[in-house]
Student: 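One structure is given below, represented as structure tokens, and several questions about it will come after.
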Amino acid sequence: MMKSSGDKMRVRKAVIPAAGLGTRFLPATKAIPKEMIPIVDIPMIQHIVEEAVRSGIRDIVLVTARHKEAIENHFDYNYEIEDTLEKKGKQELADLSKAVGKLCNLISIRQKNPMGLGHAVLCAQPIIGNEPFAVLLGDDLIDSEIPCTQQLIDLYHEHQASVVGVMEVPMEEVSKYGIVGGKMLSERLMHVSHLVEKPAVGQSPSQFAIPGRYVLSPTIFDCLKNTKSGKGGEIQLTDGLQLLAERERLLAYQFMGTRYDTGDRLGFIDATLAFALKRPELAPGVRELMKKHLK
Ligand code: UTP
């Protein structure tokens, strides 16, 4: 069936780049992918996939690498575990395992060398084609009533323009992020004219940082192909976005929600405590433990 051009401009797929080496979590990441490290009992990447699914996306493109097969296995059925649990009458646990298998259609593509986040996104082009798509980075967990990706998709559909999710950071932290600059259109929405990767304090165009949520027009692929590699031969997504801002309208939206940097050890502990305290069966025990350790 032919699709109308209106259909084409709807966001139906998400890309999750997961081909990085995860060196900040060594030695844990020597033999297991960083994305499989759990926040309480749910692997980081499942939180990210669930955000995409809650935003109406079923087709997830995983940009993966050697030794990361555990991620694909996680989103499949595990007959051995599920059958054994069912035979033992532990249906609830079997269903918990099966539900992850049913979450989404995972479509994998390899990034053969870790040549940067921009390059990882470019690897998804054969699967995405000429459609807008969401990008979610696994290191950023965003806790919000309306999923962050849903907030950005709604804006993409309304404005037919690419949108990056941003959050306000203290001036002394701008050098840790990609920062956007441009004209505010409303309290939370900016028309982006330029982006700077990790600016020095005092040279930042704003305090709006990009943590890792995007909805992009397919023009980004052409921009990334024309992006020169920077430090360490890596192609930066921020540089590709700068070219995109010069060719098309690019918006930045200060999303609603709490963001945890789970790629950082303290951020990871912060997320673990916050998510454990949200679980009624764990919260009282966790509070007791915190009291004990703070004595
Ligand atoms: P990071 O550089 O933060 O993650 O990339 P990393 O390489 O996994 O971890 P560290 O810094 O060595 O500890 C941000 C995201 O982009 C992906 C990563 O998997 C991560 O989700 N990425 C990065 C790729 O897919 N390919 C790359 O070449 C680089």
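We count ligands from 1, going down the list as the structure has it; atoms in each ligand are counted the same way.
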Student: Which residue and non-hydrogen atom of the protein lie closest to atom 20 (C) of ligand 1, and at what distance in Å?
Tutor: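 Protein heavy atom at minimum distance: P17 O, 4.1 Å.
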Student: Students should be able to answer this: which protein heavy-atom is nearest to atom 16 (O) of ligand 1, and at what distance?
Tutor: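 Protein heavy atom at minimum distance: L117 CD1, 3.5 Å.
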Student: For atom 25 (O) of ligand 1, find the nearest protein heavy atom and state the residue, atom name and distance (0.1 Å precision).
Tutor: A19 N, 2.9 Å
Student: Report yes if the distance between the aromatic ring centroids of Y177 and F208 is under 6.0 Å, otherwise no.
Tutor: no
Student: So, does E131 use its side chain to make a donor-acceptor pair with the main chain of V11 at under 3.5 Å?
Tutor: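 A pair under 3.5 Å: no.
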Student: Find all atoms of ligand 1 within a distance of less than 4.0 Å from any non-hydrogen atom belonging to T23, and give their numbers and elements.
Tutor: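 Going through ligand 1 atom by atom, the ones under 4.0 Å from T23 are 9 (O), 10 (P), 12 (O), 13 (O).
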Student: Within ligand 1, which atoms have a heavy atom of K34 less than 4.0 Å away?
Tutor: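 Reading through ligand 1 atom by atom, the close ones are 4 (O), 6 (P), 8 (O), 9 (O).
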Student: Would you find more than 12 non-hydrogen atoms of other residues, nucleotides or ligands less than 6.0 Å from H157 atom NE2?
Tutor: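 Yes, the 6.0 Å shell around NE2 holds more than 12 heavy atoms from other groups.
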Student: Tell me yes or no: between the side chains of Q111 and H119, is some donor less than 3.5 Å from an acceptor?
Tutor: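 Checked: Q111/H119 side chains pair up, N/O donor to acceptor below 3.5 Å.
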Student: Assess H119 for proximity to ligand 1: is some non-hydrogen atom of it under 4.0 Å away?
Tutor: no
Student: Please determine if K88 and E82 form a salt bridge, counting it only when a charged side-chain N lies under 4.0 Å from a carboxylate O.
Tutor: no
Student: With rounding to the nearest 0.5 Å, note down the distance linking NE2 in H159 to CG in L185.
Tutor: 7.5 Å
Student: Is L137 linked to I235 within one hydrophobic cluster, defined over Ile, Leu, Val, Met, Phe, Trp and Tyr using a side-chain heavy-atom separation of less than 4.5 Å?
Tutor: yes
Student: Against heavy atoms of A120, which atoms of ligand 1 measure under 4.0 Å?
Tutor: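 This gives 24 (C), 25 (O), 26 (N) as the contact atoms.
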Student: Only one of Y214, F221, Y156 forms a ring pair (Phe, Tyr, Trp, His ring centres under 6.0 Å) with F133, so which one is it?
Tutor: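 With F133 as partner, ring pair (Phe, Tyr, Trp, His ring centres under 6.0 Å) holds for just one option, F221.
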Student: With respect to atom 29 (C) of ligand 1, which of A65, P114, G116 exhibits the smallest heavy-atom separation?
Tutor: G116
Student: For Q150 and S55, which I'm curious about, is there any donor-acceptor pair between the side chains at under 3.5 Å?
Tutor: no
Student: Checking the N or O distance criterion of under 3.5 Å, is ligand 1 in contact with V63?
Tutor: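 No, V63 has no N/O under 3.5 Å of an N/O on ligand 1.
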Student: Looking at M115, which atoms of ligand 1 are within less than 4.0 Å of one of its heavy atoms?
Tutor: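 Counting from 1, the qualifying ligand atoms are 28 (O).
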Student: Give me the nearest non-hydrogen protein atom to atom 3 (O) of ligand 1 as residue plus atom name, then the distance to 0.1 Å.
Tutor: R24 NH2, 3.1 Å
Student: Can you report which non-hydrogen protein atom sits closest to atom 26 (N) of ligand 1, along with the distance?
Tutor: Q111 OE1, 2.7 Å
Student: Considering only non-hydrogen protein atoms, determine which one is nearest to atom 23 (C) of ligand 1 and report residue, atom name and distance to 0.1 Å.
Tutor: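 Sorting protein heavy atoms by distance from atom 23 (C) of ligand 1 puts G20 CA, 4.1 Å first.
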Student: Answer yes or no for A18: is there a heavy-atom contact with ligand 1 below 4.0 Å?
Tutor: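 Checking ligand 1 against A18, which is what was asked, there is a heavy-atom contact under 4.0 Å.
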Student: Looking at ligand 1, would E35 count as a contact under a 4.0 Å heavy-atom criterion?
Tutor: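 Distance cut 4.0 Å: E35 passes for ligand 1.
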Student: Does some non-hydrogen atom of the protein lie less than 4.0 angstrom from atom 9 (O) of ligand 1?
Tutor: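 For atom 9 (O) of ligand 1 the answer is yes, since some protein heavy atom falls inside 4.0 Å.
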Student: Quick check on E92: does its CD atom have over 12 non-hydrogen neighbours (other residues, nucleotides or ligands) under 6.0 Å away?
Tutor: no
Student: Salt bridge (charged side-chain N to carboxylate O under 4.0 Å, His left out) between D143 and R259: does it pass, once the steps are laid out?
Tutor: CA-CA 6 Å; D143 187 22; R259 176 258 188 181; over 6 Å; no
Student: Please verify whether a non-hydrogen atom of D139 lies at under 4.0 Å from ligand 1.
Tutor: yes
